[in-house]
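For reference, the structure discussed in these notes is given below.
Reckoned from all heavy atoms, side chains included, excluding hydrogens, waters and symmetry mates.
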Amino acid sequence: MHMLEQLVGQARGLAAGETGLTEKEGEVERILKICNACRYCEGFCAVFPAMTRRLEFGQADIHYLANLCHNCGSCLHACQYAPPHEFAVNVPQAMARVRGETYASYAWPRAFGGLYQNNGLTVALALAAGLALFLVLTLQVTGGLLHAPLAGNFYAIFPHNTLALMFGAVFGFAGLALSLGVRRFWREISPGEMSGEAGAEAAGNVLQLKYLDGGHGQGCNNADDAFTLLRRRFHHFTFYGFLLCFAATGVATLYHYLLGLPAPYALSSLPVLLGSAGGIGLLIGPAGLLWLNLKRHPLQGDAAQKPMDRGFIALLLLTSLSGLALLGLRDTAAMGLFLAVHLGVVMALFLTLPYGKFAHGIFRSASLLKWSIEKRLPNKLQLGSE
Amino acid sequence: MSDNNSTAVDVLVIGGGNAALCAALTAREAGASVLLLEAAPRAWRGGNSSHTRNLRCMHDAPQDVLTEAYPEEEFWQDLRKVTGGNTNERLARLAIRQSATCRSWMRKHGVHFQPSLSGTLQLSRTNAFFMGGGKALVNAYYRSAEALGVRIRYESPVDRVEVVDGLFRAAWVNGERIKAKSCVMAAGGFESNREWLREAWGQNADGEWPADNFAIRGTRFNQGVLLKAMQGAGADFIGDPSQSHCVAIDARAPLYDGGICTRIDCVSLGIVVNKFARRFYDEGEDFWPKRYAIWGRLVAQQPGQVGYSIIDAKAIGHFMPPVFPGARANTLEELAGQLGLDATDFVRTVADYNAGCRVGTFDHTALDDCHTAGVTPAKTHWALPLDTAPYYAYPLKPGITFTYLGLKVNEEAAVHFAGQPSRNLFVAGEMMAGNVLGQGYTAGVGMTIGTVFGRIAGAQAAAAVMQQGAEHAHA
Ligand SMILES: Cc1cc2nc3c(=O)[nH]c(=O)nc-3n(C[C@H](O)[C@H](O)[C@H](O)COP(=O)(O)OP(=O)(O)OC[C@H]3O[C@@H](n4cnc5c(N)ncnc54)[C@H](O)[C@@H]3O)c2cc1C
Ligand code: SF4
Ligand code: SF4
């Protein structure tokens, strides 16, 4: 049997070295080789059908597949080789660990990739900076944190143009950084020719969060092997809440510049309605996601990224909480204080968009688009049947 | 121990795989209180069922994930063929007919189906695949059982049963006596019991105990304790105790639970040699799915119970990817060195084979016309010379899937004693599969038998409880 041991040794050597993969990428490669010989999980999501189009898994494939994985957990609970099996197959965890690396390595500028490590700290610092900035500015403008009621006129404290410039610049930078990062990712995974059909399918998969449905529509796993649609729903609350808030700001900007209608707007106005609905979505969604995150099965996903996950969720929650509080208190003496807090939180959120959990949506969308393109190409493998 | 300090329940189900769960769910649905004893800890629950991927279903027209039709007669003929007639037609047809309808019940208990997996198109008509495989199915059944109030105990291997005059009285587990009005045994075969396998396979002419070198493809918990116990209790048996379903798998597979992924699918694309670097059987006799079970036995008959599947670069990309990388070398000598084979013998074997190849139009998806002439044994299809470096080798060893020995049953899944069916002891799954599948195998039929007879056994066990209740009321 000694030559068998030798062979096993060689197999391990092949898996570990020679390939230029990081340790975490090597683990994904090891696992995908097992999955590719097994394939039981093909029905759950796009990762496995994409895997079966490959025999070898290079770095670009691994980055693509890792970001295609939604960490739904189905293939962990269904895996006959999951720990305590000696093969120790844990697809969602291995994928999550590589995702963490990809966010950092595709960050723009590259030096900022380090912000993904200790991301909880990054978020906390951004928050502190945002709050400090606006509190100090408020102090300077009003001479104190409380002031005579201003009937909701934010611009009495911060002129509109100042705010537009500050947030426009930070948001613009976030957009630029994310685009440059995902562009490099996109080039590396060499997606192939895009078609309208593929684009529409990918957009649908993103907007519906198709792959949190478990492949059968009953949802993904969270605490155990039971399926739940809650994670998908809470994501929807969060995502569409975020979009509504964004729309509120957009409409308000149009009102301001095009129609010459400056804030404050009535409670029944479009910006306030959109913002309130969005704010409520952004309250329910992140609160639910946080609760699910706290209850998630310890083997599902990467524990080291929990601070990043929760930091981002906390920022979203604080954004909606402070925004709704501001709406409620805008006619009182505390408006300035709450305005400063809200602006500080939003600033922190924008600052960390390209260097935190938000990136997962961007990279995953890119991977989903690649999958929609790839699945329309002929399969190059002719494996025959087993 | 007196009756007072023993646990009592209506229906006791012994085992924790597909058959046991189907029985427990059905008995519970019929209103009985049910206790299920699983030998394995929770993480390893589900027996061999957690390694499965599909069940074979009869259907007269396309049905959700199943294409075309697979009528009763065709299913029956398939079974008759693979078993060489070693089957009970009444029981087989019962299983076949119920396979047409059992899936809605399975769905109700949370099982999801999907179309055949990539690489298994040949099964898309006959087999319904479980989304996520057998472990997902087992998980769903356990969830449903818990929700319905079935009591489940893990790490509870039954080591003794009390059967008096063909009636089940109690089972013993971890020193506790568990009384039940009726019982379903569904504890699998004895494939995990190395001692018993050793005895069944015996010693070969070289003094080797072949079974010592086998891998067990599934669970380590199917020790055949209940089969032994029932032998002791004088139950009627069926099937040859020395027979097991034995396939050729990667020799680096773990001792237990290697499951599906350790299969090697390139045998028909190259040659197979034993440890003396000699070929020993026609590698191209038929498509691999029809031959892998024969190769288990063939490898078991080789010295050291090992073989090496050898291919060259031309074969890469034409077979399902293996789980472990092959040995790889640019020359045959080097490959022989890596495998520990005699290089001269190995090179001669390959040269003889290469010289014998009569290459026509190679087509690995059909029984093509590439064959050998003047070589013994012949290779009758897919014979291409091994001439393109790099060369690859995959070591093979026998892997046991299941054993055939089982308890004889009737249509009620009742255990028999001297030809008489027990009134409260039933059996399902691998423990009685031999009634339908006396030898051979065809994909998915194990789960069909387990599901159909599991449900029958559960229903009968619950009915036996009601019956006893009625008798008590009369008394
Ligand atoms: C790798 C592999 C793949 C397979 N794929 C398929 C497939 O795709 N389709 C198919 O139809 N068949 C397949 N089979 C065959 C299939 O697994 C069996 O036919 C089927 O699972 C038998 O079900 P069962 O419930 O009788 O036994 P099992 O699922 O093995 O369950 C036996 C249970 O009994 C428990 N047990 C054992 N002893 C005791 C005891 N003393 N006390 C309490 N509990 C005990 C075990 O822990 C286990 O939970 C496959 C088998 C293997 C090994
Ligand atoms: S996760 Fe496990 S069960 Fe699923 S394909 Fe991979 S090895 Fe197979
Ligand atoms: S965790 Fe879910 S999304 Fe990720 S690979 Fe597994 S099944 Fe697919």
Under 4.5 Å heavy-atom distance to chain B, tell me which part of [X] shows up: side chain, backbone, both or neither.
X: A:Thr52; result: side chain
X: A:Leu55; result: side chain
X: A:Cys79; result: backbone
X: A:Phe48; result: neither

Parallel, tilted or perpendicular, as decided by the 30° and 60° cut-offs, for the rings of A:Phe185 and A:Phe363: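 Answer is perpendicular, since the angle exceeds 60°.
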Aromatic ring pairing B:His364/B:Phe362, orientation class (parallel under 30°, perpendicular over 60°, tilted between):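 Parallel.
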Proximity of B:Tyr391 and B:Phe346 rings by center, below 6.0 Å: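 Between B:Tyr391 and B:Phe346, the centre distance exceeds or equals 6.0 Å.
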Within the 6.0 Å centroid threshold, strictly below: A:Phe239 and A:His235: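 No, they do not, as the ring centres are separated by 6.0 Å or more.
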By a 4.5 Å heavy-atom criterion (distance strictly below it), what part of [X] contacts chain A: side chain, backbone, both, or neither?
X: B:Thr52; answer: backbone
X: B:Pro322; answer: backbone
X: B:His51; answer: both

B:Phe130 and B:Lys135: CA distance, side-chain angles, deciding distance, side chain to side chain contact (heavy atoms under 4.5 Å, CB included) verdict: CA-CA 9 Å; B:Phe130 317 130; B:Lys135 188 158 173 196; over 6 Å; no
Residue selection (most heavy-atom pairs with chain A, distance under 4.5 Å) from B:Ala136, B:Gly133, B:Gly132: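 Of the candidates given, the most pairs with chain A belong to B:Gly132.
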Top of B:Gly110, B:Pro254, B:Gly259 for chain A proximity - count of heavy-atom pairs under 4.5 angstrom: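 The answer is B:Pro254.
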Inter-residue atom distance A:His236.NE2 - A:Leu207.CG, 0.5 Å rounding: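 The distance works out to 8.0 Å.
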Donor on one side chain, acceptor on other, A:Glu25 and A:His63, under 3.5 Å: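 The criterion, which ignores hydrogens and geometry beyond distance, is satisfied for A:His63 and A:Glu25.
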Best-contacting candidate, A:Cys41, A:Pro84, A:Pro83, A:Cys75, against chain B by heavy atom pairs under 4.5 angstrom: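 Looking at each option in turn, the highest pair count goes to A:Pro84.
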Interface residue of largest heavy-atom contact number with chain B, from A:Lys33, A:His77, A:His85, under 4.5 Å: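 Greatest number of close heavy-atom pairs with chain B: A:His85.
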